[in-house]
2 protein chains.
Amino acid sequence: MLSYTEENYLKALLKLSFQNEDKPETGTNEMAAYLGVKPATATDMLKKLKEKELVSYKKYGKILLTEMGKKSAMVILRKHRLWETFLCEKLDFSWDEVHEVAEQLEHIQSQKLVDKLEELLGFPQFDPHGDPIPKANGEMPEITRTLLSELQEGDTCTVASVKDTSAMFLQYLEKLKVRIGTRLKIKEVIDFDGSMYIAIGEGEPRSVSMKFAESLFVQKL
Amino acid sequence: MLSYTEENYLKALLKLSFQNEDKPETGTNEMAAYLGVKPATATDMLKKLKEKELVSYKKYGKILLTEMGKKSAMVILRKHRLWETFLCEKLDFSWDEVHEVAEQLEHIQSQKLVDKLEELLGFPQFDPHGDPIPKANGEMPEITRTLLSELQEGDTCTVASVKDTSAMFLQYLEKLKVRIGTRLKIKEVIDFDGSMYIAIGEGEPRSVSMKFAESLFVQKL
DNA sequence: AATATTTGTTAGATTAATCTAACTTATATA
DNA sequence: TATATAAGTTAGATTAATCTAACAAATATT
Ligand SMILES: [Mn+2]
Ligand SMILES: [Mn+2]
Ligand SMILES: [Mn+2]
Ligand SMILES: [Mn+2]
């Protein structure tokens with residue numbers, strides 16, 4: 001049985017392995033920074049996780065989840081995303097409110113609860129932020145994601161998921177009526193600062209910053 | 001902000017205050033036994049809760065929740081019973097499975113979550129075991145409860161709630177088709193051992209032990 | 001009232017998770 | 001290559017929650 005804290009470290013390692021796309025290794029400092037603890041603390045926990053054969057690493061070396069560790073972490077991610085979906089779909093939470101609560105709910109221990117929840121939600125494929133939900137067997141559809149900033153003038157796309165899931169960005173998207181699935185058309189790319197002039201759904205075109213364009217994943221049409 | 005553990009102590013004190021009907025005080029040993037810890041541990045926690053003004057007590061004296069402590073405990077009980085109801089109503093858990101999971105869920109911190117959950121469930125009055133659910137304002141209908149064992153030959157009643165909520169008893173009730181609301185008629189009381197011969201709903205009369213009759217609360221008709 | 005029993009507290013230790021400060025190893029740079 | 005910087009570890013301390021063993025107070029019983 002894993003502690004609440006151990007689970008958080010595992011999930012962090014999984015998330016970081018997604019982030020560092022090319023190679024899934026991580027360092028102690030990166031891990032500590034992600035979790036908001038000091039490197040010394042991360043080192044201590046790493047030893048414990050290594051003891052439990054959930055991570056593989058040696059002193060001063062790179063950190064990697066073992067198969068077992070990855071499996072455990074995927075279960076936690078599955079719970080997180082199912083709970084986020086539940087909060088949105090069944091309890092009318094907005095997509096900027098769900099993460100905080102799901103951080104707590106993901107640690108509830110009950111196989112049956114997760115599976116029944118998934119059933120209640122109709123086996124959703126994606127969470128409210130457009131991220132794929134791992135299946136009970138541990139599989140998760142590997143999706144190729146394109147940043148809005150990678151598109152060219154004249155391209156059309158639909159919003160697939162949000163890269164930056166901060167409440168601030170999510171609320172801004174809400175204000176612009178940009179949601180998962182919304183159709184976007186790139187009218188103009190401003191080379192000077194990387195900003196874009198885009199049409200959102202049927203609305204009037206408007207300008208968004210490069211930071212914005214680098215925070216949204218889209219599906220090119 | 002209260003820790004998971006502090007919340008459990010508060011809830012225990014509230015439950016014990018219901019149990020010790022006449023006076024709501026409790027002792028260190030009783031509290032420790034209830035929580036499955038040693039008396040020394042309970043004493044330590046008591047000091048902390050006193051420091052936070054959630055309980056009032058002095059060395060070697062009786063333990064009582066303060067108004068603040070009682071309020072906090074009621075919120076936890078409210079969450080527990082709402083989650084139990086959710087698990088039964090929405091996720092098809094049986095009434096002997098819900099308690100364990102609700103013990104975890106009751107500690108999730110989110111005012112909005114609780115209130116939305118209550119709304120989703122249609123503002124239920126009672127949990128799956130027939131226990132009243134405290135309202136958001138902290139009030140809980142004070143119900144006079146009669147034990148089945150207090151009834152006489154010829155009396156008729158409906159099942160109001162279960163006193164013993166152990167999985168073993170709940171499963172036995174399930175087998176006998178005794179549920180909340182089921183109509184019972186006392187055919188005969190055996191003075192020798194306190195057992196009863198009762199009709200359950202429309203079924204054939206059958207005998208139940210005194211222990212059984214002392215574990216069920218009923219509403220006399 | 002004297003003594004025995006029950007109830008409750010204290011002292012000292014342990015474990016998990018965290019920190020700071022000091023140290024070590026690896027990597028980058030001149 | 002020598003040295004500076006970054007990355008990672010260790011030692012020692014702290015806090016929360018727990019325990020055991022010993023002690024103290026309150027209550028019950030002769
Ligand atoms: Mn999230
Ligand atoms: Mn999400
Ligand atoms: Mn319960
Ligand atoms: Mn209940």
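Naming convention: chains lettered A, B, ... in sequence-line order (proteins, then strands); numbering from 1 in each chain.
Note: NZ (A:Lys38) to C1' (C:dA22) measures 15 Å, nearest angstrom. Atom CG in B:Leu49 sits about 13 Å away from atom P in D:dA16, given to the nearest Å. Here the P atom of nucleotide D:dT18 and the OH atom of B:Tyr4 are 11 Å apart, to the nearest Å. Atom CG in A:Asn29 sits about 17 Å away from atom P in D:dT5, given to the nearest Å. A:Tyr34 places its OH atom 18 Å from the P atom of D:dG8, with the value rounded to the nearest Å. B:Lys47 has its NZ atom 10 Å from the C1' atom of C:dA11, to the nearest Å.
Geometrically, A:Lys50 engages A:Tyr57 in a cation-pi contact defined by less than 6.0 Å to the ring centre and at most 45° from the axis.
Toward the 5′ end of DNA chain C lies the nearest nucleotide of A:Pro39, the other residue of the pair A:Tyr60 and A:Pro39 mapping further downstream. Residue order along DNA chain C, read from the 5' end via each residue's closest nucleotide, puts B:Ala40 first among A:Val37 and B:Ala40.
Contact check, B:Tyr57 against C:dT7: no side-chain N or O comes under 4.0 Å of OP1 or OP2. Remark: B:Lys59 is not in phosphate contact with D:dA24, judged by side-chain N or O atoms under 4.0 Å from OP1 or OP2. Between A:Thr43 and D:dG8 there is no side-chain N or O to OP1 or OP2 distance below 4.0 Å.
Within the nucleic acid shown, B:Thr28 comes within 4.0 Å of sugar-phosphate atoms alone, with no base atom in reach, counting heavy atoms only. B:Tyr9 comes within contact range of the sugar-phosphate backbone alone, with a heavy-atom separation under 4.0 Å but no base atom that close.
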Pairs of donor and acceptor atoms involving the side chains of residues 112-127 of chain A, under 3.5 Å and at least two apart or interchain, shall be tabulated with distances.
unit_1: A:Lys112; atom_1: NZ; unit_2: B:Glu97; atom_2: OE1; d: 2.9
unit_1: A:Lys112; atom_1: NZ; unit_2: B:Glu97; atom_2: OE2; d: 3.1
unit_1: A:Asp115; atom_1: OD1; unit_2: A:Arg78; atom_2: NH2; d: 3.0
unit_1: A:Asp115; atom_1: OD1; unit_2: A:Gln111; atom_2: NE2; d: 3.4
unit_1: A:Asp115; atom_1: OD2; unit_2: A:Gln111; atom_2: NE2; d: 2.9
unit_1: A:Glu118; atom_1: OE1; unit_2: A:Arg78; atom_2: NH1; d: 3.4
unit_1: A:Glu118; atom_1: OE1; unit_2: A:Arg78; atom_2: NH2; d: 2.8
unit_1: A:Glu118; atom_1: OE2; unit_2: A:Arg78; atom_2: NH1; d: 3.1
unit_1: A:Asp127; atom_1: OD1; unit_2: A:His129; atom_2: N; d: 2.7
unit_1: A:Asp127; atom_1: OD1; unit_2: A:Gly130; atom_2: N; d: 3.1
unit_1: A:Asp127; atom_1: OD1; unit_2: A:Asp131; atom_2: N; d: 3.1

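B:Tyr4 has its ring centre no less than 6.0 Å from the ring centre of A:Tyr4. Taking the six-membered ring wherever Trp is involved, the centroid distance between the rings of B:Phe86 and A:Phe86 falls below 6.0 Å.
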